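Notes follow once the structure below has been shown.
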2 protein chains.
Amino acid sequence: MPPTKAQTAGHPSDPKEAEVIDFDLIELFFFAYRDFTSDADHMLDRIGFGRAHHRILHFVNRRPGLTVAELLDVLQITKQSLARVLKQLIDTEHIMQVQGPKDRRQRELHPTAKGKALALQLAAPQSRRIARALATLGGNDRPLIERFLKEMVNQEHRNQVEVLGAGGASKEKNA
Amino acid sequence: MPPTKAQTAGHPSDPKEAEVIDFDLIELFFFAYRDFTSDADHMLDRIGFGRAHHRILHFVNRRPGLTVAELLDVLQITKQSLARVLKQLIDTEHIMQVQGPKDRRQRELHPTAKGKALALQLAAPQSRRIARALATLGGNDRPLIERFLKEMVNQEHRNQVEVLGAGGASKEKNA
DNA sequence: GAATTTGTGTCAACAAGGCTGACATAAATT
DNA sequence: AATTTATGTCAGCCTTGTTGACACAAATTC
């Protein structure tokens with residue numbers, strides 16, 4: 001078994017700046033995310049969509065009825081950026097807009113059946129990849145991975161994370 | 001404590017397609033990576049560099065002397081894309097090229113002192129974020145996180161991952 | 001009720017960082 | 001001597017992000 005944390009500390013030329021940089025995990029995180037997104041990227045390519053479409057569709061599917069402002073908040077892009085891609089998703093009938101019930105200026109975004117189907121199709125390989133990775137660990141390590149990923153998120157964005165399973169590990173089933 | 005895996009299975013309209021999609025982790029991975037990269041992004045902004053510069057500098061710093069072809073392989077972009085950004089890093093003296101000793105057509109890429117310093121500066125907050133996240137877990141969970149991330153990488157890319165600590169958890173110290 | 005603010009849409013121009021195709025050059029290989 | 005390989009470079013295109021400006025209807029405030 002490998003050492004838990006081979007600090008390799010011992011001969012820092014300047015002990016004061018002997019800050020240990022975890023390049024290994026930094027790099028792994030890069031590779032992991034790169035391949036994680038590649039699954040969906042290839043499928044998107046075939047239908048002429050990009051990663052931007054995926055992100056929008058994902059969140060509309062996850063939080064049906066969210067408003068444009070809320071979506072902008074989650075995606076952290078400008079409304080002009082959103083508009084271009086969202087328009088395509090609406091034109092292709094993956095997403096529909098309905099007037100807000102309380103505030104009629106708002107536009108609630110909802111996935112259509114077609115949109116739900118696509119969101120599911122895109123998520124499937126990503127979910128399988130995660131499941132496979134989890135399977136190689138111990139049996140009960142999913143909560144740990146979830147904790148780790150949550151902790152990687154900025155404090156001020158934790159609210160975006162805890163929309164559903166507020167604190168609890170959970171999966172959801174599809175249609 | 002939250003349930004380990006609240007499958008919520010029970011009433012799938014079609015049991016055959018009751019594929020469980022792990023939307024929670026998919027989304028968490030997105031948020032985690034977004035905030036993970038934002039650390040460096042802000043610093044880069046100030047010096048007029050982008051994420052592309054960071055990736056190149058990171059790998060040149062990690063694998064000093066790697067060739068252009070090797071770098072292209074790791075980054076998975078075209079040489080034309082690389083050229084534009086790499087040229088800036090060379091012009092600003094963050095990276096230097098030396099002729100390959102064996103094959104004089106090759107250009108070995110090396111970080112300069114300036115380049116190393118910047119790479120370190122950019123990695124520091126990312127490393128701290130990871131360390132903080134790990135600290136909230138049990139004491140010995142770093143190997144597990146490492147395993148998970150490695151498993152998320154495509155089989156055919158595992159060689160890119162295991163350049164250094166082939167199988168073992170390790171950290172490195174800086175200058 | 002009039003004035004202001006808010007939520008959304010849209011136009012225009014621009015930048016970063018991907019892409020493809022084509023071509024050049026030097027060095028290695030056949 | 002001919003070919004292949006490693007790299008560089010020019011030119012143009014696409015996606016997805018940006019800013020700034022303006023429009024309009026609905027909600028809110030004075």
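The structure presented is a predicted model; accordingly, all values stated were derived computationally and were not measured. Chain naming here is simple, since letters A, B, ... match the order of the sequence lines and numbering starts at 1 in each.
Rounded to whole Å, the distance from NZ on B/Lys102 to C1' on C/dT29 is 17 Å.
A salt bridge links B/Arg63 with A/Glu27: the distance from a Lys NZ or Arg NE/NH1/NH2 to an Asp or Glu carboxylate oxygen falls below 4.0 Å. Between B/Asp24 and A/Lys150 there is no salt bridge, since none of the side-chain N atoms of the basic residue sits less than 4.0 Å from a carboxylate O of the acidic one.
Residues A/Gln106 and A/Val68 have side chains not in contact (no heavy-atom distance under 4.5 Å, counting atoms from C-beta outward).
Side chains of A/His110 and A/Gln97: no donor on one and acceptor on the other come within 3.5 Å.
Residues passing the ring pair (Phe, Tyr, Trp, His ring centres under 6.0 Å) test with A/Phe148: none are found, sequence neighbours excluded. The side chain to side chain contact (heavy atoms under 4.5 Å, CB included) search around B/Arg132 returns B/Arg128, B/Arg129, not counting sequence neighbours.
Taking the six-membered ring for Trp and the full ring otherwise, A/Phe59 and B/Phe30 have centroids separated by under 6.0 Å.
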Under 3.5 Å, which donor-acceptor pairs link side chains of residues 47-55 of chain B to any protein atom two or more places apart or in another chain?
| unit_1 | atom_1 | unit_2 | atom_2 | d |
| --- | --- | --- | --- | --- |
| B/Arg51 | NE | B/Asp41 | OD1 | 3.4 |
| B/Arg51 | NE | B/Asp41 | OD2 | 3.3 |
| B/Arg51 | NH2 | B/Thr37 | OG1 | 3.3 |
| B/Arg51 | NH2 | B/Asp41 | OD2 | 2.7 |
| B/His53 | ND1 | B/Gly50 | N | 2.8 |
| B/His53 | NE2 | B/Gln88 | OE1 | 3.3 |

Just the atom pairs and distances: protein N or O near nucleotides 1-7 of chain C's N or O, under 3.5 Å.
| unit_1 | atom_1 | unit_2 | atom_2 | d |
| --- | --- | --- | --- | --- |
| C/dT6 | O2 | A/Arg105 | NH1 | 2.4 |

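Here chain B contacts DNA chain D (any atom closer than 4.0 Å to a heavy atom, that is under 4.0 Å), and the contacts span D/dT5 to D/dC10 from 5' to 3'.
Contacts of residues 77-99 of chain A with DNA chain D (heavy atom under 4.0 Å): A/Ile77, A/Thr78, A/Gln80, A/Ser81, A/Arg84.
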